[in-house]
Number of protein chains: 2
Amino acid sequence: MAELDSPAEAGLVAEWRELLARHAAASCALDRELGDRYGLGMSEFEVLERLVEGCRAGGRLGLRVSELAPTVHLSQSALSRLIARLEKGGLVTRAMCESDRRGVTVALTEAGRERYEQARPLHREVLGLTLGAPPGSACSGSSSG
Amino acid sequence: MAELDSPAEAGLVAEWRELLARHAAASCALDRELGDRYGLGMSEFEVLERLVEGCRAGGRLGLRVSELAPTVHLSQSALSRLIARLEKGGLVTRAMCESDRRGVTVALTEAGRERYEQARPLHREVLGLTLGAPPGSACSGSSSG
DNA sequence: TTGCATTGAATGCATGTGCATGTACTGTCC
DNA sequence: GGACAGTACATGCACATGCATTCAATGCAA
């Protein structure tokens, strides 16, 4: 009955718990703040951001779903539905990819770009508060508004 | 139209993305491995672990739900249902708290303690692999079995 | 004691997620 | 050309989660 962790394991567990705490604090705050003020979830903001970056970097109008998938930590189905939500909200458009008609090209709309630009300062602010702050104030508790 | 982040913001974003990647890799691997082999989710394992630690530290038989809540990053309702699942699986018992009959005391059963002890090495192993490994292999991709 | 605000936990409901599968398309081999 | 495996994305389904609410019990005040 091995009841105790080795020092290495204990350090690993400590690291993991801090990671969990930071993730919970930040993601929960982001979801709440971005959701309240801009109607965006954390992952939705991430997708908008990857679209902005991808288009800026490549000078392209849109990205393939399969290009977005590795950058956001979602299953393929969750990403598909997330994009559907964004499209329903008028923030992105989906179009059949010309070169491979199985694929879908996702492009920001003007409204999507604006929403992203509006939300970005708050996103950065929340990150600054939650990543800088000591862990402990997780999701269940109320954080600063 | 502030299109670019300051260096401080860029660092914050980079830190956040790495945290997201590590969290996704580890939590997804834990869910899969613990789920496949022991029928436990990541949070369920965490709750069992807090029960083991809490009982060992305080020499007590069980913990209050309200004591567990701050340690796992779940809402009160999610924790309530998680405990219900554990109880249904025979891993914990719920009993009315004597001193405050609003409260519920959650105690490990023998089966719960055994399941935890069985699962712990795998938990530590997965942490070692995912926290040590370079980020990039997130949930959607398949990790080592 | 009664009355009332507060707390601890459970539940109704809406939603986001992953797995498995379905559908459409591509590329290859014959 | 036709058959078939593989890829890209969407969808059915089950389930875990959070918010709001509900129910029970406590503490306090009159």
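The analysis underlying the following values was restricted to heavy atoms, covering all of them including side chains, and did not include hydrogens, waters or symmetry mates. In the text below, chain A, chain B and the rest are named by the order of the sequence lines, each starting its count at 1. Keep in mind the model is a prediction, meaning the values are calculated, not measured.
Rounded to whole angstrom, the span from the CG atom of A:L74 across to the C1' atom of D:dT17 amounts to 15 Å. Per the geometry, CG belonging to B:D36 stands 10 Å off P belonging to C:dC19, to the nearest Å. Atom CZ in B:R94 sits roughly 8 Å away from atom C1' in C:dA10 (whole-Å rounding). Between the CE atom of B:M42 and the P atom of D:dA16 there is a distance of 13 Å, given to the nearest Å. At whole-Å resolution of the value, CD in B:E44 and C1' in D:dT17 are 13 Å apart. Atom pair B:R32:CZ and C:dT17:P shows a separation of 17 Å (rounding to whole Å applied). One can place CG of A:L79 at 10 Å from C1' of D:dC9, the figure rounded to the nearest angstrom. As rounded to whole Å, 14 Å separates atom C1' of C:dT23 from atom CE of A:M96.
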Decide yes or no on side-chain hydrogen bond (donor to acceptor under 3.5 Å, both in side chains) for A:Q118 and A:Y38, but give the supporting numbers first.
CA-CA 8 Å; A:Q118 290 164 359; A:Y38 301 104; over 6 Å; no
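At a threshold of 4.5 Å between non-hydrogen side-chain atoms, the residues B:I83 and B:L68 count as touching. Annotation: side chain of A:H23 is in contact with side chain of B:L20 (closest heavy-atom distance under 4.5 Å). Contact of the B:V13 side chain with the A:R124 side chain is registered, since non-hydrogen atoms from C-beta on lie closer than 4.5 Å.
When the nucleotides D:dT11, D:dT17, D:dG18 are ranked by their closest atom to the side chain of B:S43, D:dT17 comes out on top. Checked against D:dT26, D:dA10, C:dT17, the side chain of B:R101 finds its nearest nucleotide in D:dT26.
If A:E98 and A:R81 are placed on DNA chain C by their nearest nucleotide, the residue sitting closer to the 5' end is A:R81. Each of B:S77 and A:G103 has a nearest nucleotide on DNA chain D; the 5'-most of these lies closest to A:G103.
With respect to the salt-bridge test (charged N to carboxylate O, under 4.0 angstrom), the residues A:E67 and A:R60 qualify.
Side-chain N or O atoms of B:T130 include one that pairs as donor or acceptor with a backbone N or O of B:V126 at under 3.5 Å. With A:T109 contributing its side chain and A:G90 its backbone, the two residues share a donor-acceptor pair below 3.5 Å.
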Under 3.5 Å between N/O atoms: give me all the protein pairs with nucleotides 2-6 of chain D, atom names plus distance.
residue : atom : partner : partner atom : Å
D:dG6   : N2   : A:R102  : NH1          : 2.9

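Between A:S66 and D:dC9 there is a side-chain N or O to OP1 or OP2 distance below 4.0 Å. In this structure, B:R85 does not reach the D:dC15 phosphate: none of its side-chain N or O atoms is under 4.0 Å from OP1 or OP2.
No hydrogens or angles were tested; on distance alone, nothing pairs the side chain of A:Q76 with the base of D:dA8 as donor and acceptor under 3.5 Å.
A:D100 comes within contact range of the sugar-phosphate backbone alone, with a heavy-atom separation under 4.0 Å but no base atom that close.
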